[in-house]
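Sequence lines set the chain letters: A, B, ... in the order given, protein chains first and strands last, and positions in each chain run from 1. Quick caveat: nothing in here was measured; it's all calculated off a predicted structure.
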Protein chains: 2
Amino acid sequence: MPEPVLIDGQWRDAKASGTFRAVNPRTTQDIPGDYPISSWDDLDAMLNAAVQAYRVMRLLPAETLAAFLDLYASKIEANIEKLAEVADEETALGKSPRFMNGEIPRTINQLQQAAAAARDGSWSSPTIDTGSGLRSMLRPLGVVCVFGPNNFPFAYNGVAGGDFASAIAAGNPVIAKGHPSHPKTSQMLAELAFEAVKETDGMPHAAVQFFQRSSRDDGAKLMADHRNAALGFTGSRPAGMALKKACDDNGKLAYLEMSSINPVVLLPGALEEKVDEIVEQFIGSVLLGCGQFCTNPGLVIGLKGSGIDTFIAKVSEQFNAKAGGTLLNEAGQKSLSQGIEAIKSVGATCVTEGKAGEGFSVPNTLLKIEGSKFLSDPEKVQTEAFGNSSLVVIADDIDQLLAVVRTLEGNLTGCVYSATDGSDDEAYSTIEPDLADRVGRLLNDKMPTGVAVVSAQNHGGPYPATGHPGFTAVGFPPALRRFAKLTSYDNVREGRLPELLQDTNPGSAWRWVDGAYTQADVGAAVG
Amino acid sequence: MPEPVLIDGQWRDAKASGTFRAVNPRTTQDIPGDYPISSWDDLDAMLNAAVQAYRVMRLLPAETLAAFLDLYASKIEANIEKLAEVADEETALGKSPRFMNGEIPRTINQLQQAAAAARDGSWSSPTIDTGSGLRSMLRPLGVVCVFGPNNFPFAYNGVAGGDFASAIAAGNPVIAKGHPSHPKTSQMLAELAFEAVKETDGMPHAAVQFFQRSSRDDGAKLMADHRNAALGFTGSRPAGMALKKACDDNGKLAYLEMSSINPVVLLPGALEEKVDEIVEQFIGSVLLGCGQFCTNPGLVIGLKGSGIDTFIAKVSEQFNAKAGGTLLNEAGQKSLSQGIEAIKSVGATCVTEGKAGEGFSVPNTLLKIEGSKFLSDPEKVQTEAFGNSSLVVIADDIDQLLAVVRTLEGNLTGCVYSATDGSDDEAYSTIEPDLADRVGRLLNDKMPTGVAVVSAQNHGGPYPATGHPGFTAVGFPPALRRFAKLTSYDNVREGRLPELLQDTNPGSAWRWVDGAYTQADVGAAVG
């Protein structure tokens with residue numbers, strides 16, 4: 001029998017239309033253990049149970065949600081070693097430092113930060129206008145589906161990552177989908193989550209449900225269903241676009257993080273000042289995790305001259321010196337190779353000649369292209385080549401560099417390296433507004449990988465990097481705001497208001513009262 | 001020659017595919033004056049000019065945007081009498097009190113509130129995390145198209161209303177579309193807006209552009225265009241859905257306010273306590289402006305019994321005693337009649353027998369239906385009958401009433417009238433969570449018409465009332481947040497940050513600094 005799925009408070013056999021196995025990316029061999037591809041019957045049952053769970057959750061005190069998140073975090077912490085081992089076998093990303101010292105601690109921290117945000121309540125923008133009798137705040141939204149990606153088995157996992165934590169903290173039940181690249185990791189997390197649900201007084205057992213996989217059609221049907229409210233998605237653009245369409249056509253919210261090539265502009269003065277440092281930072285960023293980061297610098301833009309030539313030569317040397325890392329799976333290997341070919345077809349040439357490494361692997365690849373060729377088919381040349389690959393665009397002058405920037409699609413990040421002596425400042429001013437418009441996060445003198453989980457983070461950006469440029473998927477409290485609806489209470493009797501909107505502030509939430517933020521009670525004397 | 005359009009800082013002849021005239025709804029006769037139906041050439045030219053204007057606007061100090069909005073408001077004030085006359089001829093809504101004492105002062109106030117929000121800056125959520133070097137805020141989005149509705153020639157006008165004010169205050173140029181029901185009113189407003197643009201130092205002349213009308217296909221093409229960023233729309237569901245689809249399919253933001261029947265639940269105790277007062281409030285709300293309000297109470301839900309029977313009898317009497325008011329246009333008259341027929345086809349019966357009034361008019365219409373029949377085709381029976389009409393649903397018991405509530409589509413508002421002696425409290429608790437989930441604004445003991453322009457307002461709600469339940473179209477500062485993108489600045493040098501994110505707070509904006517709201521400078525001693 002295949003492994004079970006978590007539906008309506010029970011681990012039960014899936015009504016499966018088929019099964020699949022995880023593959024060890026290092027050996028390219030199957031890992032024992034069959035996982036179910038759920039049929040619509042499973043999804044339908046989850047939707048029904050989630051609606052019931054929502055009716056309980058929308059009335060729960062925030063403390064209950066927070067207690068669950070904290071307990072779940074502690075269970076992950078208690079099982080960190082086992083989780084890291086299983087995930088490493090499924091992904092080849094490395095037990096340590098990647099999982100033990102990086103991603104799992106971050107995941108635990110995210111759950112705890114989401115718990116703290118839920119307890120605090122400021123995330124929900126409580127707003128009180130005493131003159132009109134109107135009070136408003138963000139309230140839970142409904143059933144949220146969370147689909148995680150292949151490249152972060154913990155921090156973005158559908159049943160443990162930032163979207164999961166945000167949706168729960170905002171008061172919504174989650175229907176989580178695993179990822180076929182790491183089914184056992186996801187299942188272990190779902191088991192821990194469900195244990196925590198059962199041990200948290202008041203949490204409905206269907207607050208967290210979990211399945212491994214479905215057909216694409218059933219996935220779209222799940223989005224379109226009237227019982228669903230929203231999607232949190234991290235993954236490939238084709239998969240994201242299909243789900244987005246099903247959501248859009250039926251008035252469901254789709255928060256997606258789809259693709260990004262994360263342009264890095266290297267201005268001449270910066271290259272002159274510190275090319276070795278930039279090369280080192282670039283290599284670290286582009287090869288980390290075999291380049292399988294949403295914020296991987298896939299596009300470098302420079303001006304014709306010796307600076308960029310030196311950069312290319314030094315990077316090529318280091319790329320050639322190392323075999324390519326192991327990619328997550330065969331699909332990733334194929335997609336990376338195809339992406340490189342698509343970029344070449346526009347006129348880019350490959351300047352590296354390294355070797356592939358163990359298992360699913362592609363040689364470290366550096367491409368270069370002239371600005372004019374880039375501009376001849378800017379859409380195709382921006383194909384995401386997800387992995388250990390990057391493209392350098394060499395512009396003739398600052399006008400052409402600006403023209404390149406103006407053809408960029410929406411991205412998660414954009415960086416500019418500039419000199420400290422002011423020699424690049426004019427160029428910076430020329431390109432900054434258009435670059436900033438096209439990215440969620442603008443960096444100076446720093447590579448984009450590494451996403452700090454802080455409130456000023458924006459892991460988001462203009463379409464097609466995401467589906468809505470006003471929201472971030474990382475950083476609390478803002479990430480909670482995605483999975484909520486605004487409700488205004490007009491002339492509603494005091495005792496019937498949500499606690500956070502009553503005259504007495506139940507805790508220390510910041511509330512916008514008559515035009516200013518305050519933690520005080522309504523009517524309290526101002527000190 | 002037809003009247004001109006405002007493109008790229010000039011009133012010029014449209015490249016028109018045809019013309020149209022306004023119609024006086026009282027006489028049903030054309031009003032002299034031909035207005036152009038713009039071809040794609042006009043829209044294309046506006047998009048090009050708007051992109052150029054955006055490149056200037058995104059760098060403008062907020063003070064410039066605010067000064068423009070204030071100046072424009074003062075110009076409307078100076079022309080209030082003439083505007084009210086023209087709008088009354090085109091809409092029959094009444095020069096006074098409607099326009100002179102209500103809608104135009106509200107419009108002026110909205111522009112001024114948007115100006116104040118722009119100056120203050122708190123709307124943009126400046127967020128500073130000193131430990132990580134990350135700082136974020138909402139920044140301008142790009143070119144915003146605003147399409148206004150037929151029923152508010154000022155407060156929601158594409159070139160003067162809340163969406164217009166919000167988009168400009170957030171730093172975006174607007175391409176505004178008039179409405180064929182009031183072309184002269186819209187043109188006069190666009191003229192005043194453009195005068196104010198020209199008189200405001202620094203505002204690019206294409207910050208405000210204006211056309212009267214286009215084909216539906218060209219409207220969709222405008223949304224889909226890569227130069228467009230977002231739509232602010234108020235109007236009918238079919239028109240809104242077509243534009244939404246064009247936006248969705250191309251990753252553009254669509255903020256829509258489409259349709260709403262605004263359920264009002266009358267609990268038995270409330271009817272016993274004060275049926276006459278409720279009847280009076282209901283009549284005032286449902287017949288005001290001939291019922292042509294987005295928040296018109298089109299659905300009343302009660303429990304079987306003498307209370308609701310008395311309510312129906314008293315309302316019918318008053319409905320019959322007055323002739324129907326004058327509707328905005330022939331399309332509105334036809335659509336209202338069709339809506340009433342759709343509701344009847346599910347089994348509702350008409351309990352009134354009044355007369356139509358002057359011009360485009362339909363008799364005041366009260367329908368009633370049993371709960372079981374409502375539940376037999378809840379979608380069709382929720383057809384919006386926009387105007388002086390309402391449907392009373394009589395549920396057998398509270399369980400059936402809850403079942404009715406659970407079939408409701410997303411609405412702008414939902415009201416509950418309940419007794420003051422506590423006798424309705426159990427019923428209130430039973431239905432409140434599901435009703436609140438389905439509406440943007442929940443009211444107690446109060447009819448929904450009348451939308452206060454305050455920060456705790458939510459003129460929004462779940463789909464299909466709008467396209468996103470997290471945003472409000474009315475109320476400052478929140479309404480500005482729709483037309484903005486989040487940008488995070490990572491390690492960006494101090495002097496390159498937007499002023500609002502620099503250590504020194506340039507004014508008195510509230511900023512979220514290291515986990516708390518403050519108006520202080522970063523690093524300032526805490527008192």
Side-chain angles (χ1 to χ4, degrees), chain A residues 55 58-59 127-129 131-132 134-136 138-139 141-142 244-245 248-249 251-253 410 428 432-433 436-437 439-446 452 454-458 460 462-464 467-472 478 481 484-493 496 510 512 515-517, chain B residues 55 58-59 127-129 131-132 134-136 138-139 141-142 244-245 248-249 251-253 410 428 432-433 436-437 439-446 452 454-458 460 462-464 467-472 478 481 484-493 496 510 512 515-517:
Chain A
R55 289 180 180 159
R58 65 184 169 188
L59 301 175
T127 302
I128 297 177
D129 186 81
S132 66
L134 281 159
R135 301 181 179 212
S136 71
L138 293 170
R139 297 279 300 148
L141 186 65
K244 176 182 188 301
K245 182 164 173 47
D248 287 343
D249 290 351
K252 311 301 182 182
L253 302 185
Y428 185 92
E432 191 269 351
D437 270 355
V439 305
R441 177 164 53 110
L442 181 78
L443 301 97
N444 276 188
D445 314 310
K446 193 181 165 191
V454 299
S455 59
Q457 183 56 269
N458 182 19
Y463 179 87
H468 196 305
F471 295 95
T472 177
R481 301 176 59 94
K485 75 176 277 282
L486 182 62
T487 304
S488 177
Y489 297 82
D490 188 346
N491 199 39
V492 169
R493 302 180 195 173
R496 291 171 173 178
W510 287 93
W512 182 262
Y517 281 109
Chain B
R55 289 180 181 160
R58 65 185 169 188
L59 300 175
T127 302
I128 297 176
D129 186 81
S132 66
L134 281 158
R135 302 182 179 210
S136 71
L138 293 170
R139 297 279 301 147
L141 186 65
K244 176 182 187 301
K245 184 166 171 47
D248 287 343
D249 290 352
K252 311 300 181 183
L253 302 185
Y428 184 92
E432 191 270 349
D437 271 355
V439 304
R441 177 165 53 111
L442 181 78
L443 301 98
N444 276 189
D445 314 311
K446 193 180 165 191
V454 298
S455 59
Q457 183 57 270
N458 181 19
Y463 179 87
H468 196 304
F471 295 94
T472 176
R481 301 175 59 94
K485 75 176 277 282
L486 181 63
T487 303
S488 178
Y489 297 82
D490 188 347
N491 198 40
V492 170
R493 302 180 195 173
R496 293 172 173 179
W510 286 92
W512 181 262
Y517 281 110

Original post:
What's the shortest heavy-atom distance between A/Asn491 and B/Asp445, and which atoms?
Top reply: ND2-O, 3.9 Å
Subject >> Nearest-0.5 Å distance that lies between atom CG in A/Asp248 and atom CG in B/Asp249 >> reply: 7.0 Å
Original post:
Given that the side chain runs from C-beta out, which part of A/Leu443 has a heavy atom under 4.5 Å from chain B: side chain, backbone, both or neither?
Top reply: both
Subject >> Residue from A/Val492, A/Leu134, A/Leu486, A/Thr487 passing side chain to side chain contact (heavy atoms under 4.5 Å, CB included) with B/Arg441 >> reply: A/Leu134
Original post:
For chain A, which of B/Ser132, B/Gly470, B/Gly440, B/Gly460 has the most heavy-atom pairs under 4.5 Å?
Top reply: B/Gly440
Original post:
Which heavy atom in B/Ser136 sits nearest to a heavy atom in A/Ser455, and how many Å separate them?
Top reply: OG-O, 4.3 Å
**OP:** Against chain B, work out which of A/Arg139, A/Arg493, A/Lys244 has the most heavy-atom pairs shorter than 4.5 Å and name it.
**Re:** A/Arg493
Original post:
Do the ring planes of B/Trp510 and A/Trp510 sit parallel (below 30°), tilted (30 to 60°) or perpendicular (above 60°)?
Top reply: tilted
Original post:
So which of B/Leu141, B/Asp129, B/Leu138, B/Asp437 has the largest heavy-atom pair count under 4.5 angstrom toward chain A?
Top reply: B/Asp437
Original post:
Any idea how B/His468 and A/Phe471 line up, ring-wise: parallel (<30°), tilted (30 to 60°), or perpendicular (>60°)?
Top reply: parallel
**OP:** May I ask you to name which of A/Pro433, A/Pro478, A/Gly410 has the most heavy-atom pairs under 4.5 Å with chain B?
**Re:** A/Pro433
Original post:
Rounded to the nearest 0.5 Å, what separation is found between the OH atom of A/Tyr463 and the CG atom of B/Leu253?
Top reply: 11.5 Å
Subject >> Distance-minimising heavy-atom pair for B/Ser488 and A/Ala456 >> reply: OG-O, 2.8 Å
Original post:
Is it the backbone or the side chain of B/Pro464 that comes under 4.5 Å from a heavy atom of chain A, or both, or neither?
Top reply: neither
Subject >> Nearest atoms (heavy-atom pairs only) where B/Lys485 meets A/Val439 >> reply: NZ-O, 2.6 Å
Original post:
Side chain, backbone, both or neither: which part of B/Tyr428 has a heavy atom under 4.5 Å from chain A?
Top reply: side chain
